[in-house]
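Step one of this worksheet: look at the structure below.
The chains referred to below are lettered A, B, ... by the order of the sequence lines, with proteins before strands, and numbering in each begins at 1. The structure displayed is predicted, hence computed values, not measured ones.
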Amino acid sequence: MTLEAFLLLAAALFCVGLYGALSQQSIVMLMMGLELMVNGLVVAAAGFWSFVSPGAADGQVLVLVAITVMALEMAMGFAVVTALFRARDVDVTDEAGDLSG
Amino acid sequence: MQAAGFWVLAVAATGAGAAVFAVDSMARATFALLASFLCAGAELLLAGLSYLGVLVVLMMIMEMLVMAVFMVMYMMNPAGLMPMTMTHNRRGALAVSGTAFAALAAGILTVPWPGRREGPGGGPPHDPTAALGRALMGPKMLVMMVIGVAILATMIATIVLAAPRGRYDDSGGAP
């Protein structure tokens, strides 16, 4: 196990999530892509903690923040999907492009 | 042994993550995502973060079960019975994510990363969980406070968005 290995795993998870966030039509699937991207951040922070400065707690605190972001992102995402679905019967991104230029 | 475990889990995490967008049922996708998160949690355990690894595993099991319920509610393709495409601009997304991975991997492999910090406090603490707790209740208290307020704001905002009449019952009080 090396720092590079951890970061490569983090990059792979991030990019798989990026593909999902860009390509999925369903808003719920798009959120799964976002979760995978944050998951990559968690793995990268754990790698930095373990291989650069395990004596300081900064890496662990970063992991905690990323996990919180994951949970809050999912809660807000589902609330937005519910509000959108209730107001307009929409559950795909293509029909929710009101802000596209 | 540890390195072998790391690579097996890494391949499993990435493979399950890719399977999320490859399987044709959204319920199956949820459980593929759960598998990916569990592998990532096990990687944290391997790195010596016992508390945070277990936290990720437990939280993701809960989160994915909640997600499975929403999946059933907003499913585009129930149980894979109606084959349909659920993607748009697939080629562009593949190109963007492939380029991003190539750039990140090039950076990861070429940057001279610092070694483990030497001197007092350089090695891993005897108990990383206690170190995290002491940091959160001491010098990192601001982080903890911001997280707490963010969770409270999210709880209020989700109720405002998701309740049919909003947090303060805009319709005038009739149930």
Side-chain angles (χ1 to χ4, degrees), chain A residues 1 3-9 11-20 22-29 32-33 35-36 39 42-43 46-47 49-58 60-61 63-65 67-68 70-72 74-76 78-83 85-86 91-94, chain B residues 2-3 6 10 13-14 17-18 20-21 26 29 33 36-37 40 43-44 47-49 52 55-56 59 63 70-71 74 76 86-90 93-94 96-97 100-101 104-105 108-109 113-114 116-117 121-125 128 131-132 135-136 140 143 147 150-151 154 157-158 161-162 164:
Chain A
M1 288 199 300
L3 177 61
E4 282 86 356
F6 263 86
L7 293 182
L8 276 178
L9 169 61
L13 287 173
F14 184 87
C15 292
V16 171
L18 183 63
Y19 164 74
L22 289 177
S23 70
Q24 296 297 311
Q25 281 189 331
S26 160
I27 302 177
V28 182
M29 290 293 280
M32 292 169 87
E35 295 266 311
L36 265 177
N39 196 28
V42 168
V43 172
W49 174 82
S50 178
F51 292 102
V52 176
S53 110
D58 302 29
Q60 292 199 66
V61 174
V63 172
L64 203 68
V65 171
I67 293 175
T68 314
M70 262 169 140
L72 299 190
M74 202 185 84
M76 285 308 293
F78 279 135
V80 169
V81 175
T82 306
F85 193 75
R86 182 171 278 136
D91 68 342
V92 292
T93 48
D94 295 329
Chain B
Q2 245 191 347
F6 172 85
T14 315
V20 170
F21 306 112
M26 282 163 82
L33 188 63
S36 176
F37 284 146
E43 298 282 19
L44 260 62
L49 292 167
L52 290 173
L55 181 73
V56 166
M59 218 181 91
E63 203 171 308
F70 277 88
M71 278 294 180
Y74 296 114
M76 288 174 77
M86 296 194 290
T87 58
H88 53 188
N89 194 15
R90 187 144 182 267
L94 267 176
V96 168
S97 53
F101 181 73
L104 286 173
I108 288 164
L109 295 176
W113 296 105
R116 192 176 265 194
R117 217 168 271 170
L132 174 63
L136 284 179
K140 304 278 185 239
V143 177
I147 287 179
I151 292 175
T154 305
T158 47
L161 279 173

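- A:Val52 places none of its side-chain heavy atoms less than 4.5 Å from the side chain of B:Arg116.
- Between the side chain of A:Arg86 and the backbone N or O of B:Ala162, at least one donor-acceptor pair lies under 3.5 Å.
- Looking at heavy atoms from C-beta onward, A:Leu13 lies in side-chain contact with B:Ser36 at the 4.5 angstrom threshold.
- Among A:Val43, A:Thr68, A:Leu72, the residue with the largest count of heavy-atom pairs under 4.5 Å with chain B is A:Leu72.
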side-chain contact (heavy atoms from CB on, under 4.5 Å) assessment of B:Leu52 paired with A:Leu64: CA-CA 8 Å; B:Leu52 290 173; A:Leu64 203 68; 3.8 Å; yes
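- In this structure, the side chains of A:Val16 and B:Val20 stay at 4.5 Å or more apart for every pair of heavy atoms.
- Looking at heavy atoms from C-beta onward, B:Thr14 lies in side-chain contact with A:Leu9 at the 4.5 angstrom threshold.
- Residues A:Trp49 and B:Leu132 form no side-chain contact, since every pair of their non-hydrogen atoms from C-beta on lies 4.5 Å or further apart.
- For A:Leu3, the part lying near chain B is the side chain, with the backbone staying farther off; criterion is any non-hydrogen pair under 4.5 Å.
- In this structure, chain B has a heavy atom under 4.5 Å from the side chain of A:Phe85, while its backbone stays farther away.
- Between B:Asn89 and A:Leu22, every side-chain heavy-atom pair lies at or beyond the 4.5 Å cut-off.
- Heavy atoms only, all atoms of each residue included: A:Gln24 and B:His88 are closest at O-NE2, 3.3 Å.
- Between chain A and the options B:Val96, B:Thr154, B:Leu44, B:Leu104, the largest number of non-hydrogen pairs under 4.5 Å is found for B:Thr154.
- Looking at B:Val143, the atoms closer than 4.5 Å to chain A (heavy atoms on both sides) all sit in the side chain, from C-beta outward.
- With contacts defined as side-chain heavy-atom distances shorter than 4.5 Å, the pair A:Gln60/B:Leu136 does not qualify.
- Between chain A and the options B:Ala135, B:Ala131, B:Ala10, heavy-atom pairs under 4.5 Å are most frequent for B:Ala10.
- The shortest non-hydrogen separation linking B:Ser97 to A:Cys15 is CB-O, 3.3 Å.
- To the nearest 0.5 angstrom, B:Glu63 atom CD is 4.5 Å from A:Glu35 atom CD.
- Two residues are said to be in side-chain contact when any heavy atoms from C-beta on lie closer than 4.5 Å; A:Met74 and B:Phe70 fail this criterion.
- Interface summary for chain B: among A:Phe14, A:Phe78, A:Phe6, the most heavy-atom pairs under 4.5 angstrom belong to A:Phe78.
- Contacts with chain A were tallied for B:Ala3, B:Ala47, B:Pro114, B:Ala157; B:Ala47 has the most, counting heavy-atom pairs under 4.5 Å.
- Taking chain B as the reference chain and counting heavy-atom pairs below 4.5 Å, the highest number among A:Val65, A:Val80, A:Val81, A:Ile27 is found for A:Val81.
- Comparing B:Gly48, B:Pro128, B:Ala150 by heavy-atom pairs within less than 4.5 Å of chain A, the highest count is held by B:Pro128.
- Proximity to chain A (any heavy atom under 4.5 Å) is restricted, for B:Leu33, to the side chain, taken from C-beta onward.
- If you tally non-hydrogen atom pairs under 4.5 Å between each of B:Ala18, B:Ala105, B:Gly17 and chain A, the highest count goes to B:Gly17.
- Both the backbone and the side chain of A:Met32 come within less than 4.5 Å of a heavy atom in chain B.
- Minimum interatomic distance between B:Phe21 and A:Met29 (heavy atoms only, all atoms of both residues): CE2-O, 3.8 Å.
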